[in-house]
Amino acid sequence: MTLLTRILLLSLLLAPSVVTAEESSCPEHFAGGQAPSITNLKLSPQTRDVCYSGYAFKHSGLTRTPLYSAEHLTSARLLQAKGMRRHSTFFPDPNIPAAGRAELSHYAHSGYDRGHVAPSADMPDQQSQQECFSLANMVPQVPEINRGVWEKVEKSVRKMAKERGDIYVVSGPLFMGNNIQLMGGAVMVPTHTFKAIYDPGRGESGAYLVDNVPGAQPTFISIAELEKLAGMNLFPSVAKTSKSVAMNAQGMKAGKPRTYAGRRGYANAKSTL
DNA sequence: CGGCCGGATGTT
DNA sequence: AACATCCGGCCG
């Protein structure tokens with residue numbers, strides 16, 4: 001089977017709903033049914049919201065990455081996901097206009113991994129498994145990070161979801177500073193990746209932030225702090241006073257929780273977008 | 001330690 | 001699509 005027919009087959013198999021309005025057509029993926037919203041207007045152009053069965057994302061044609069991918073993780077879902085057989089069928093997303101999407105060629109021999117934003121291991125069935133290999137759910141990630149500490153963050157969040165039973169997760173890239181690299185002349189290489197968690201049962205929230213450079217360790221920041229860096233309102237339905245989740249207790253070597261704004265070099269960092 | 005997992009690579 | 005191989009982390 002050629003690559004082209006495989007892509008055509010995939011586009012037939014996938015039945016996404018693309019929405020442009022404020023209301024999400026897949027509220028089940030979001031805390032309070034409300035999708036994250038953009039507050040940094042530089043991020044707004046060429047965006048598209050896509051709903052899949054296991055996650056939903058907002059894609060940017062400027063970065064050719066998701067700005068976020070959102071999932072609702074429950075213990076039942078992860079129990080089901082655990083038994084899933086995985087297969088790697090990465091594909092350029094037919095729901096994203098070709099002019100603004102990532103292609104397999106952009107990633108080939110780039111030195112970067114195709115890093116899942118919504119992870120494959122969270123997906124409970126064949127369809128969602130397949131859908132999460134969309135290149136619209138990928139960011140160029142330093143291999144050591146993707147296969148190392150980021151994987152650890154993902155596992156830690158799955159563990160948290162199993163223990164708590166029910167959490168909402170929003171993951172995505174950051175593009176900080178004025179020296180953003182382009183992979184394959186097209187796809188923006190994120191400087192960081194984040195994973196934000198909201199626990200509706202306990203009213204707690206928090207986020208991991210990991211630099212996209214070899215040797216980086218995860219840091220823990222508040223949702224409010226992350227929202228400033230990301231230029232997005234990640235959990236619009238959640239009161240800003242929600243308590244912080246004690247993520248350090250999840251087997252992570254994240255060091256002391258600290259405020260990212262306090263770190264030298266980041267306090268004045270601006271998104272180039 | 002070995003075996004498994006999850007993500008990625010390359011070849012056919 | 002299947003297969004071999006790699007890797008780091010985790011578990012018994």
Correct closest heavy-atom pair for Phe91(A) and Gln130(A) would be CE2-O, 3.4 Å
Between Gln127(A) and Glu131(A), does a side chain to side chain donor-acceptor pair (under 3.5 Å) hold up when you go through it step by step? CA-CA 6 Å; Gln127(A) 187 187 343; Glu131(A) 288 169 343; 3.0 Å; yes
Without decimals, in angstroms, what is the distance between Asn146(A) CG and dG9(C) P? 13 Å
Set out, line by line, the N/O atom pairs under 3.5 Å between protein and nucleotides 9-12 of chain B.
from   : atom 1 : to        : atom 2 : distance (Å)
dT9(B) : OP2    : Arg114(A) : NE     : 3.2
dT9(B) : OP2    : Arg114(A) : NH2    : 2.5

Rounded to the nearest Å, what distance is computed from the CH2 atom of residue Trp150(A) to the P atom of nucleotide dG7(B)? 12 Å
Is the Phe57(A) to His29(A) ring centre distance short of 6.0 Å? no
Nearest-Å distance, NZ (Lys152(A)) to P (dG8(C))? 13 Å
How many whole angstroms separate atom CD of Glu151(A) from atom C1' of dC6(C)? 15 Å
How many angstroms lie between atom NZ of Lys159(A) and atom NZ of Lys155(A), to the nearest 0.5 angstrom? 11.5 Å
Take the protein atom CZ of Phe91(A) and the nucleotide atom P of dA1(C), then report the distance between them rounded to whole Å. 12 Å
Going by atom types alone, do His72(A) and Asp166(A) pair a side-chain donor with an acceptor below 3.5 Å? yes
Is the phosphate of dG6(B), meaning OP1 or OP2, less than 4.0 Å from a side-chain N or O of Ser120(A)? no
List the steps and the verdict of salt bridge (charged side-chain N to carboxylate O under 4.0 Å, His left out) for Arg64(A) and Glu103(A). CA-CA 9 Å; Arg64(A) 303 201 195 212; Glu103(A) 304 290 342; 5.9 Å; no
Whole angstrom is fine here: how far is it from CZ in Phe133(A) over to P in dG6(B)? 11 Å
Please give, in whole Å, the distance from dG6(B) C1' to Arg158(A) CZ? 8 Å
Report yes or no: do Asn137(A) and Ser134(A) form a side-chain donor-acceptor pair below 3.5 Å? no
Mutual orientation of the aromatic rings belonging to Phe235(A) and Tyr198(A) [parallel < 30°, tilted 30-60°, perpendicular > 60°]: tilted
Might you list the N or O atoms of the protein lying below 3.5 Å from N or O atoms in nucleotides 2-5 of chain B, with each pair's distance?
none

Pro143(A) near the nucleic acid: base, sugar-phosphate alone, or nothing, with a heavy-atom cut-off under 4.0 Å? nothing
Without decimals, in angstroms, what is the distance between Asn137(A) CG and dG7(B) P? 11 Å
Are there more than 12 heavy atoms of other residues, nucleotides or ligands under 6.0 Å from atom CZ of Phe30(A)? yes
